[in-house]
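Below: one structure, written as structure tokens.
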Amino acid sequence: MPPPRLRAAKLSRSVQERRLFHGIELQIDPGETVALRGPSGTGKTLLLRLIAWLDPLADAELFLDGLPAAELGAPVWRSRVCLVAQDVPAHPGTPRDLMALVAGLRHQRGRAAKDPLALAEAWGLDPRAWDRPWSALSGGERQRIALALALSRRPAVLLLDEPTSALDPEATAAVERSLRDQTILWVTHDPTQAARVADRFVELHP
Amino acid sequence: MTELAEIGPWQLALATSLILLNGALSLWLRLGLTRKVLIASARTVVQLLLLGWILVPIFTFEQPWMVMGIGTLMIALAAREAVRRSARTYRGIHGAAFLALLIGCGGSALLGSAVIVGVDPWWDPRYLIPLLGMVLGNALTGLSLGIDRCLSVLDEQRPRVEALLSMGATWWEAARPVAAESVRMAMIPILNAMSAVGLVTIPGMMTGQLLGGTPPDQAARYQIVIMFMIAAAVALGSVLAVLISLRALFDGDHRLRHERIRRRDR
């Protein structure tokens, strides 16, 4: 049997002595979408950050297709297991500048990529938005740009934190359609969205 | 050379009345600055008299170790001042500032004294110490601006840096835009000074030389050398300080260690 696409074990996190989650194990098979649910403050975002290796791992173990994260190194791991944050920050310049910057990263260069402009256009984003300064873009526009950039790099796993929280129902439906067949750990507050997109659920309790 | 008019105790006392004017204005307008004016004035008097007093044996005995000792002390004090001006700090910031000023300013002052002016011996305190002082005084402003910008961007725009890391950027790929922004910030004062010098301002060193009787064209040439030495020191020093700071705030797993940045309570 092939190894799962993503396997994470011993995921634990405390914030100021308060234990948020402890010893979580998680497996995601290729093409599977797992919805991560739970009330605010249970550490859903921190769980995503831990799997993205943006916070210290402590005892946590991470594997991609059976390969340990430590063997890949953090930048390669993150280029394959890609986190898209809920609030997309403003970068210097325009989204097109960021697109060029990302395409030129050492661990992204030369990798076959999709066209992010075409991806985002299918979600109702005017292609001219890519040439506006970030400060002139709405939350929904930034969200679609960040998601399109991540998806365009063909990551093995997407870690999504409320990726459609600023989108209207029409754009949300289009995004959900595009993400079918991707391997995703998807944080969502919306139970109906979780039911639509997820093959399985993981629930965090306070 | 014309004789330099001497400043005796009576003249110093007369100058002090200028500061009393400051204090009187503060009292009258209720600026709340009286205490600060007094402390700053007292520091000026004590520090400069002390400097003059310390420099006497160094100029008299002309020992290289004495020159190096006072030079190192000046760099350490400048590093402390540069760090004090930054609104944020981290463990190791003093070492970073010291190393950056040592290499940037020490290197620039040595080059100026030994190669450009061609002093013999190269450590002649009469040249090396004022040159180092001039370079340090200006470079520490640039350095503190550079460090301050670097830390504030990492602190306030953390999501921007982490968004790049999330796409697979190495720590340096994520930090490079921050480094560029910080060094640009550090260079602004010296670039402004270089544009205004001679038109709006007569810098301290040139003033000193003119008072000391140096012909104006020679004083101008010295000042040009000094300005370029400062520019080199700011560039090299701020690049070093920013790079060392960035390296200290990212870890071996290419993570931004945001918790290492501390805001200073003011």
Side-chain angles (χ1 to χ4, degrees), chain A residues 15-16 45 48-57 62 69-70 72-93 95 97-99 101-109 111 113 116 134 142 145-146 149-156 158-161, chain B residues 88 90-92 145-146 148-188 238-239 242-243 245-263:
Chain A
V15 172
Q16 289 165 349
T45 297
L48 286 193
R49 285 179 59 88
L50 194 57
I51 296 174
W53 201 354
L54 281 174
D55 287 328
L57 291 184
L62 301 170
L72 295 170
V76 174
W77 174 266
R78 294 187 201 120
S79 72
R80 310 297 297 132
V81 180
C82 187
L83 170 73
V84 182
Q86 179 177 7
D87 293 315
V88 179
H91 292 263
D97 296 330
L98 180 66
M99 184 172 94
L101 185 64
V102 168
L105 296 178
R106 197 206 299 175
H107 298 293
Q108 294 284 3
R109 261 193 307 254
R111 289 234 315 257
W134 286 88
R142 290 187 192 188
I145 285 167
L149 263 181
L151 191 59
S152 74
R153 306 309 306 178
R154 299 175 188 271
L158 273 170
L159 306 171
L160 303 181
D161 196 353
Chain B
R88 292 173 183 76
Y90 65 91
R91 244 182 90 154
L145 285 173
D148 192 49
R149 171 55 66 102
C150 175
L151 297 183
S152 73
V153 170
L154 292 184
D155 187 22
E156 287 166 7
Q157 300 180 38
R158 175 187 181 188
R160 184 188 122 189
V161 177
E162 291 193 328
L164 283 178
L165 293 174
S166 299
M167 299 294 293
T170 61
W171 79 270
W172 173 237
E173 286 172 324
R176 191 168 42 200
V178 183
E181 205 177 313
S182 308
V183 174
R184 255 202 306 275
M185 190 73 190
M187 292 295 291
I188 289 175
S238 60
V239 165
V242 166
L243 287 187
S245 302
L246 286 171
R247 187 61 274 204
L249 296 168
F250 285 85
D251 67 12
D253 289 327
H254 303 262
R255 275 182 305 234
L256 172 59
R257 301 302 295 267
H258 179 261
E259 76 282 1
R260 291 179 185 167
I261 303 173
R262 278 181 291 117
R263 274 166 206 252

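Throughout, protein chains are lettered first and strands after them, A, B, ... in sequence-line order, and every chain is numbered starting at 1.
Both the backbone and the side chain of A:R106 come within less than 4.5 Å of a heavy atom in chain B. Residue A:W77: no heavy atom, backbone or side chain, is found under 4.5 Å from chain B. With a threshold of 4.5 angstrom between heavy atoms, A:A146 does not approach chain B through any atom at all. Of the two parts of A:R49, only the side chain, counted from C-beta on, holds a non-hydrogen atom closer than 4.5 Å to a non-hydrogen atom of chain B. Neither the backbone nor the side chain of A:L159 comes within contact range of chain B; no heavy atoms are under 4.5 Å apart.
Residues of residues 172-186 of chain B lying under 4.5 angstrom from chain A, judged on non-hydrogen atoms, are B:E173 in numerical order. Contacts between residues 162-169 of chain B and chain A, counted as heavy-atom pairs separated by less than 4.5 Å, involve B:E162, B:A163, B:L164, B:L165, B:S166, B:M167, B:G168, B:A169.
With sequence neighbours excluded, the residues satisfying salt bridge (Lys or Arg N to Asp or Glu O under 4.0 Å) with B:R263 are B:D155. In this view, B:D251 and B:R255, B:R257 satisfy the salt bridge (Lys or Arg N to Asp or Glu O under 4.0 Å) rule, not counting sequence neighbours.
Between chain B and the residues A:A52, A:P56, A:A85, the most heavy-atom pairs under 4.5 angstrom are made by A:P56. Per-residue counts of heavy-atom pairs under 4.5 Å with chain B were compared for A:D55, A:V76, A:L149; the largest is that of A:D55.
A distance of 9.5 Å separates CG in A:L54 from CG in B:L256, rounded to the nearest 0.5 Å.
Remark: A:R111 CZ is packed, more than 12 non-hydrogen atoms of other residues, nucleotides or ligands lying under 6.0 Å away.
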